[in-house]
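Just follow the structure's listing: the first ligand is 1, and inside any ligand the first atom is 1.
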Amino acid sequence: MTEAKNWLVTGGSRGIGRAVVEQATARGDRVAVFARKPASAQWTHPDRVVEIHTDIADPDSLARGVDIVFERFGSLDVVVNAAGVHRGGRIGDLSRAHWDEVIGTNLSGAFELARNVAPRLDAGSAIINVGAVVGFRGFPGDVAYGAAKAGLHGLTQVLAVELAPRQIRVNLVIPGFVDTDMTSALTGRARERILAAIPMGRTGLPEEIAQVVVGVADSPYMTGSVVATDGGLMSSFSSRR
Ligand code: NAP
């Protein structure tokens, strides 16, 4: 039997992050969850989950949260950065406040997380950032979100190279369109257009993304990689909308 691992999953309270927590705990691992609010539902294995109410956009809150994780677990094997917010708006419409919120959470939050965990990670551990197709393809109305996710790609590559000599891996998993709270606001014609652009013709399930995150966490020679799990969206995405 393999030894149980210790995970930290930001944004683990619901959506994609939550599915990662459920899959990790199902195999006997322990998971610390960062989110501002309590989890959306009961855990299947509540004894293997520690919820730490943390705002990853606030560097002090995040640093405190990471300290608590290391006090509780002693060490971390896998760090998944799945926390994120989406605020839509084209260049003429997006407010500076929304820009700051999206960059502060999705990009600066990832930087602060890495800054706090990296010095304490051991050889063999892994960081997985959760990106987005719009970090690679121009999607109108995603000025802030697209910029943050593109930045996350750059951050992932630099961290992969900087941490590789210590045998710490850093990868980026790219979900396609997944039905979660984040995407629930997208309805009607906008949703139909996205669906029409997905070659597999359907949205993804949080569990399908989580399966890939777990696979990446377990891949000992993978670092700096971009792993899309998107029903083919990256291959077909057109910005003409
Ligand atoms: P979701 O259901 O809205 O969940 C977002 C999670 O992030 C929640 O746990 C939320 O908890 C947490 N979070 C947000 N702001 C936070 C903050 N400041 N501090 C701590 N936690 C925070 O979203 P999702 O769809 O699962 O998205 C998960 C990740 O996948 C995100 O990075 C998202 O950008 C990415 N993604 C999603 C899709 C999709 O189609 N759904 C596609 C591509 C990429 P609290 O609100 O309680 O803090």
Side-chain angles (χ1 to χ4, degrees), residues 8-23 31-41 43 49 51-66 68-69 79-88 98 100-113 116 127-137 139 142 144-153 155-156 172-187 190-191 194-195 197-198 202-210 212-213 226-231 233-234 237:
L8 165 58
V9 181
T10 76
S13 62
R14 51 195 161 90
I16 293 168
R18 183 185 168 84
V20 172
V21 177
E22 286 287 11
Q23 288 188 19
V31 186
V33 170
F34 280 5
R36 292 162 301 177
K37 296 184 290 281
S40 59
W43 301 106
V49 181
E51 285 184 50
I52 302 165
H53 300 302
T54 306
D55 181 353
I56 69 152
D58 172 352
D60 293 334
S61 170
L62 195 144
R64 263 196 313 275
V66 171
I68 295 169
V69 176
V79 178
V80 180
N81 180 41
V85 287
H86 182 269
R87 299 282 178 252
H98 277 175
D100 287 344
E101 183 185 359
V102 171
I103 300 292
T105 306
N106 299 5
L107 184 55
S108 304
F111 161 69
E112 291 291 348
L113 180 69
N116 278 278
I127 298 174
I128 298 162
N129 289 318
V130 179
V133 173
V134 298
F136 294 83
R137 305 280 186 271
F139 188 78
D142 265 341
Y145 188 73
K149 293 299 189 181
L152 199 52
H153 177 216
L155 179 70
T156 301
L172 187 70
V173 168
I174 309 285
F177 190 86
V178 182
D179 284 310
T180 64
D181 291 349
M182 184 176 282
T183 48
S184 60
L186 202 68
T187 52
R191 186 184 161 86
I194 299 253
L195 272 174
I198 303 171
R202 67 168 179 87
T203 58
L205 300 170
E207 294 73 22
E208 291 172 325
I209 312 304
V212 174
V213 170
V226 174
V227 184
T229 170
D230 65 353
L233 186 58
M234 275 271 253
F237 215 35

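- The side chain to side chain contact (heavy atoms under 4.5 Å, CB included) check on Glu112 picks up Pro59, Leu62, Arg115, Asn116, with sequence neighbours excluded.
- Scanning for side chain to side chain contact (heavy atoms under 4.5 Å, CB included) contacts around Ala150 gives an empty result, with sequence neighbours left out.
- Side-chain atoms of Lys149 come within 3.5 Å of backbone N or O of Val130 as a donor-acceptor pair.
- Residues with a heavy atom under 4.0 Å from ligand 1: Gly11, Ser13, Arg14, Gly15, Ile16, Ala35, Arg36, Lys37, Thr54, Asp55, Ile56, Ala57, Ala82, Ala83, Gly84, Val85, Thr105, Val130, Gly131, Ala132, Tyr145, Lys149, Pro175, Gly176, Phe177, Val178, Thr180, Asp181, Met182, Thr183.
- The aromatic rings of His153 and Phe136 sit tilted, their planes meeting at an angle between 30° and 60°.
- Residues that satisfy the side chain to side chain contact (heavy atoms under 4.5 Å, CB included) test with Ser108, not counting sequence neighbours, are Ile103.
- Within the model, atoms CG of Asp179 and CD1 of Ile16 stand 10.0 Å from one another, a figure rounded to the nearest 0.5 Å.
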